[in-house]
Amino acid sequence: MSPSAGAETEAREEERMAGLSPETRAKLKTVSTATLMTALFKRGFRNQMIQEVRPLKPGGGMMVGEAFTLRYIPAREDLNSITVFRDRAHPQRKAVEECPPGAVMVIDSRKDARAASAGSILATRLMVRGCAGLVTDGGFRDADEIAQLAMPSYHVRPSAPTNLTIHQAIDINVPIGCGDAPVFPGDVIVGDGDGVAVIPAHLADAIADEAVEMTAYEDFVTEEVRKGRTILGLYPATDEQSLTDFAAWRQRTGR
């Protein structure tokens, strides 16, 4: 590794360890995952949307928090009996008790919803502990109950069988794949009605700032389109007049 590459890696690690600032968290709650994905695409990131997951409670509000991960592997029957839950260090139970307040637990269930990744009791415990959300590329049992919690949750579909049927919890807070997206501990997870986006931790501040600016312009564009204006030259802003009009709009609206 070159000295410059080593310095860049060290800087990114320092940014990741610094955590998500309240200011950036607040900004991310005002933008859509669609806007975030465009901002990430501009930087060359094409695979930061967790595929096939949807909110258990549509319209339940934004989810923003740092990733705390749980990884499942295919269950091996002799190691995955019901008695494993007696062990206080069982990775699934341990993860629920260690996921930090303000974080989002992201579960790698290998896109397999034949058995539950978790149920309402564990989800309730996460909510009570102040966690910001719960995501799996598998399914949750007690889905109706989880949908009523004051904490956003995302999955592929409901799944009643116990996780032990298919999944074996094996590791906590390690890099995982969830819905084909790479998720590293500390990455910033943002969820809305469209799904769940994953922002690399070292880019969170810059992406949030850009997304806020993009959202302001998109709101201006929406108003203009509703008035009957063509999108040509407006979206994207290839005509200078569009930028002039946007500046006037911002001054008028305080955006």
Side-chain angles (χ1 to χ4, degrees), residues 8 11-50 53-55 57-69 99-106 126-127 130-135 150-154 178-179 181-224 235-237 242-243 245-255:
E8 181 179 352
R12 289 185 177 186
E13 180 63 15
E14 288 177 358
E15 291 178 15
R16 186 188 71 79
M17 294 299 291
L20 179 63
S21 72
E23 295 77 14
T24 295
R25 185 187 293 267
K27 289 175 183 176
L28 290 171
K29 287 185 176 182
T30 69
V31 300
S32 68
T33 56
T35 299
L36 292 172
M37 295 308 294
T38 299
L40 286 164
F41 178 77
K42 290 177 181 178
R43 288 168 169 77
F45 292 88
R46 299 169 180 265
N47 193 34
Q48 299 303 123
M49 198 77 181
I50 297 178
V53 302
R54 51 190 58 83
K57 185 179 181 179
M62 294 291 294
M63 177 181 71
V64 179
E66 294 170 283
F68 184 90
T69 65
C99 185
V104 174
M105 180 177 285
V106 185
L126 288 168
M127 179 194 70
C131 298
L134 178 61
V135 182
M151 178 187 73
S153 298
Y154 291 75
C178 186
V183 182
F184 288 78
D187 281 351
V188 178
I189 308 299
V190 181
D192 64 7
D194 283 354
V196 179
V198 183
I199 306 173
H202 69 283
L203 291 175
D205 293 343
I207 291 291
D209 288 342
E210 181 174 346
V212 167
E213 290 299 304
M214 290 173 62
T215 298
Y217 186 74
E218 289 166 356
D219 289 347
F220 159 72
V221 168
T222 298
E223 285 191 19
E224 293 298 298
Y235 189 68
S242 296
L243 297 177
D245 293 345
F246 175 52
W249 178 87
R250 297 196 84 168
Q251 187 171 16
R252 185 174 69 254
T253 63
R255 293 287 302 276

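Remember, predicted model here, so these are calculated numbers, not experimental data. Excluded from the calculations below are hydrogen atoms, water molecules and symmetry mates; all remaining heavy atoms, backbone and side chain alike, are included.
Residues forming a side-chain hydrogen bond (donor to acceptor under 3.5 Å, both in side chains) with K29 (at least two apart in sequence, or on another chain): none. In this view, D209 and K27 satisfy the side-chain hydrogen bond (donor to acceptor under 3.5 Å, both in side chains) rule, not counting sequence neighbours.
The backbone N or O of R250 sits nowhere less than 3.5 Å from a side-chain atom of R255 that would complete a donor-acceptor pair. Of the possible donor and acceptor atoms, none in the side chain of N47 sits under 3.5 Å from a partner among the backbone N and O of A181. Without hydrogens or angle criteria, R25 side chain to V64 main chain gives a donor-acceptor distance under 3.5 Å. Side-chain N or O atoms of D192 include none that pairs as donor or acceptor with a backbone N or O of S32 at under 3.5 Å.
Within the 4.5 Å cutoff, no side-chain heavy atoms of M37 are placed close to those of D194. Using a 4.5 Å heavy-atom cutoff, the side chains of I50 and Y154 are not in contact. With a 4.5 Å cut-off on side-chain heavy atoms, V183 and I189 count as touching. Two residues are said to be in side-chain contact when any heavy atoms from C-beta on lie closer than 4.5 Å; F220 and D245 meet this criterion. A 4.5 Å side-chain heavy-atom check between Q48 and R43 finds every atom pair outside the cut-off.
When all heavy atoms are compared, the tightest approach of P152 to G61 is CG-O, 4.4 Å. Smallest separation of non-hydrogen atoms from A204 and V188: CB-CG2, 3.6 Å. F45 and P200 make their closest contact through CE2-CG, 3.8 Å (heavy atoms, listed as atom of the first residue, atom of the second, distance). Annotation for T35 and A211: closest pair CG2-O, 3.7 Å, computed over non-hydrogen atoms. Shortest non-hydrogen contact noted between A237 and L243 is CB-CD2, 3.7 Å. Of all heavy-atom pairs between Y217 and S242, the closest is OH-CB, 3.7 Å.
From I199, atom CD1 reaches atom CD1 of I207 across 6.5 Å, with rounding to the nearest 0.5 Å. Note: L28 CG to L20 CG = 6.5 Å, rounded to the nearest 0.5 Å. Atom OG1 of T33 is separated from atom CE of M49 by 3.5 Å, given to the nearest 0.5 angstrom. Separation of atoms SG (C99) and CD (E66) is listed at 10.5 Å; rounding is to 0.5 Å. Taking CE of M105 as the reference point, atom OG1 of T69 lies at 9.0 Å (rounded to 0.5 Å). Between the CD atom of E224 and the CZ atom of F246 there is a distance of 11.0 Å, given to the nearest 0.5 Å.
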